[in-house]
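Structure first, commentary second.
Values below: every heavy atom of this structure, side chains too, minus hydrogens, waters and symmetry copies.
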Amino acid sequence: MSLQDELTAAQRCLDDLARCVGRLEKHVGTGLEIRRVRSDAEHLKESLSLLRATAPPPRAEPPAEMVTIPDQPYDPGLWTDVDDEGLGARDRHAP
């Protein structure tokens with residue numbers, strides 16, 4: 001995943017956390033503990049915003065280089081000393 005993808009995923013998770021804290025607040029009321037959790041969640045969102053602002057911009061990847069393969073046959077001299085795959089060398093017999 002790219003850095004931007006990771007930051008977006010973290011933002012989604014923090015948004016989910018804020019929604020969950022809101023639902024919890026309905027169940028447990030507005031006591032000190034839930035206010036602390038809400039405050040921590042807001043601090044995390046602020047920290048992520050700062051991180052996103054200071055993150056390096058996404059790098060543009062250079063386009064893939066196109067390689068042209070000629071249609072003319074290869075030089076037969078390239079294959080003089082090679083073994084045929086699975087057959088062995090031309091001048092030797094299998095054991």
Side-chain angles (χ1 to χ4, degrees):
M1 278 183 123
S2 71
L3 175 62
Q4 296 302 321
D5 292 341
E6 294 289 350
L7 289 170
T8 302
Q11 183 65 50
R12 259 188 264 122
C13 290
L14 288 176
D15 292 341
D16 288 344
L17 177 63
R19 281 191 291 277
C20 290
V21 169
R23 287 192 301 263
L24 281 172
E25 194 171 13
K26 290 179 184 176
H27 290 292
V28 298
T30 57
L32 175 64
E33 295 82 9
I34 197 72
R35 286 192 315 230
R36 177 181 276 165
V37 170
R38 179 175 294 285
S39 174
D40 289 345
E42 289 172 4
H43 286 318
L44 283 172
K45 286 180 82 169
E46 290 171 10
S47 296
L48 186 65
S49 295
L50 289 172
L51 182 62
R52 187 182 292 269
T54 60
R59 286 182 274 159
E61 293 186 26
E65 184 179 334
M66 189 72 87
V67 177
T68 305
I69 300 175
D71 290 333
Q72 43 194 307
Y74 289 110
D75 177 17
L78 293 172
W79 316 113
T80 55
D81 293 351
V82 299
D83 294 343
D84 289 329
E85 189 173 323
L87 301 176
R90 294 181 195 171
D91 59 342
R92 294 189 305 247
H93 297 293

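Between Ala10 and Leu48 the shortest heavy-atom distance is C-CD2, 3.8 Å. Nearest heavy-atom pair, Thr30 versus Glu25, reported as atom, atom and distance to 0.1 Å: CG2-OE2, 3.3 Å.
Among residues two or more places apart in sequence or in another chain, the side-chain hydrogen bond (donor to acceptor under 3.5 Å, both in side chains) test is passed with Asp5 by Ser2. Under the side-chain hydrogen bond (donor to acceptor under 3.5 Å, both in side chains) criterion, Gln11 pairs with Asp15, sequence neighbours left out.
Separation of atoms CG (Asp40) and CG (Leu17) is listed at 9.5 Å; rounding is to 0.5 Å. Note that CD of Glu42 and CG of Leu14 are 11.5 Å apart. Values are rounded to the nearest 0.5 Å. Interatomic distance, CD1 of Ile34 versus CG of Leu24, reported as 5.0 Å (0.5 Å rounding).
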Could you go through the side chain to side chain contact (heavy atoms under 4.5 Å, CB included) check for Val37 and Glu33 one step at a time? CA-CA 6 Å; Val37 170; Glu33 295 82 9; 5.7 Å; no
List the steps and the verdict of side chain to side chain contact (heavy atoms under 4.5 Å, CB included) for Cys20 and Arg23. CA-CA 5 Å; Cys20 290; Arg23 287 192 301 263; 3.2 Å; yes
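A distance-only check finds a donor-acceptor pair linking the side chain of Ser49 to the backbone of Lys45 [under 3.5 Å].
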